[in-house]
Amino acid sequence: MRQTLTSVTTPRSPGLKATEGWRHWFLRNNTSGAIETVPASALFVLVGAEPHTGWLPAEIQRDDHGFVLTGSDLTSTGSGSAWPLNRAPYPLETSMPGVFAAGDVRQRSVKRVAAAVGEGSMAATQVTQYLSEPADG
Ligand SMILES: Cc1cc2nc3c(=O)[nH]c(=O)nc-3n(C[C@H](O)[C@H](O)[C@H](O)COP(=O)(O)OP(=O)(O)OC[C@H]3O[C@@H](n4cnc5c(N)ncnc54)[C@H](O)[C@@H]3O)c2cc1C
């Protein structure tokens with residue numbers, strides 16, 4: 001049986017009931033505090049996939065999940081539409097000209113370390129290009 005649960009922890013002791021061939025997990029619901037015994041041969045943990053971008057100003061466009069739109073996604077007919085300048089945005093530029101996003105926080109990014117590092121150096125180059133533009137953009 002496959003089941004997706006959110007907001008649960010495995011209490012440290014005992015997190016796993018070993019007496020039945022390691023097939024029962026004790027999971028604590030973080031909202032109610034209730035502990036549930038779940039029959040399962042494996043437990044997959046998915047954490048860290050939620051962007052914390054709620055603090056950004058409205059001028060920086062995000063998708064429905066909070067990921068920041070950049071580059072051509074701002075000018076496509078999809079969810080983006082708020083690019084304010086005549087020139088095209090740089091690939092990692094957000095809807096606020098001169099503000100760039102790199103790594104996991106960016107919509108459509110690869111969500112891997114190597115990609116985030118590469119995008120960081122790309123963003124630095126694009127900032128340099130942006131700063132060498134004439135002031136009227
Ligand atoms: C459980 C897990 C396992 C993973 N395993 C792999 C793997 O095996 N291989 C792989 O390549 N990738 C893996 N990844 C993905 C990888 O961790 C990310 O792709 C990478 O860390 C993205 O780097 P980033 O700099 O974009 O974001 P992050 O590493 O998330 O860095 C963002 C930083 O910004 C900080 N921050 C957030 N909000 C603010 C704020 N308002 N002010 C100041 N700082 C703020 C955060 O605290 C964080 O330190 C894994 C991710 C997770 C969650």
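Since the model is a prediction, treat every value here as computed from it, not as a measurement. Indexing begins at 1, ligand by ligand and atom by atom, following the structure's order. Numbers for residues simply follow the sequence, beginning at 1.
Residues of the protein with a heavy atom under 4.0 Å from ligand 1 are Val47, Gly48, Trp55, Gly103, Asp104, Lys111, Arg112, Val113, Ala116, listed by chain and number.
For the pair Glu119 and Phe100, the minimum side-chain heavy-atom distance is 4.5 Å or more.
Side-chain atoms of Glu93 come within 3.5 Å of backbone atoms of Tyr90 as a donor-acceptor pair (strictly under, hydrogens ignored).
Partners of Ser132 under the side-chain contact (heavy atoms from CB on, under 4.5 Å) rule, at least two apart in sequence or in another chain, do not exist in this structure. In terms of the side-chain contact (heavy atoms from CB on, under 4.5 Å) criterion, residue partners of Val110 (sequence neighbours excluded) are, by chain and number, Arg112, Ala115.
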When the side chains of residues 64-72 are checked against the rest of the protein, which donor-acceptor pairs come out under 3.5 Å, sequence neighbours left out?
unit_1, atom_1, unit_2, atom_2, d
Thr70, OG1, Arg106, NH1, 3.1

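Expressed to the nearest 0.5 Å, how far CD of Glu36 lies from CG of Asn29 amounts to 8.0 Å.
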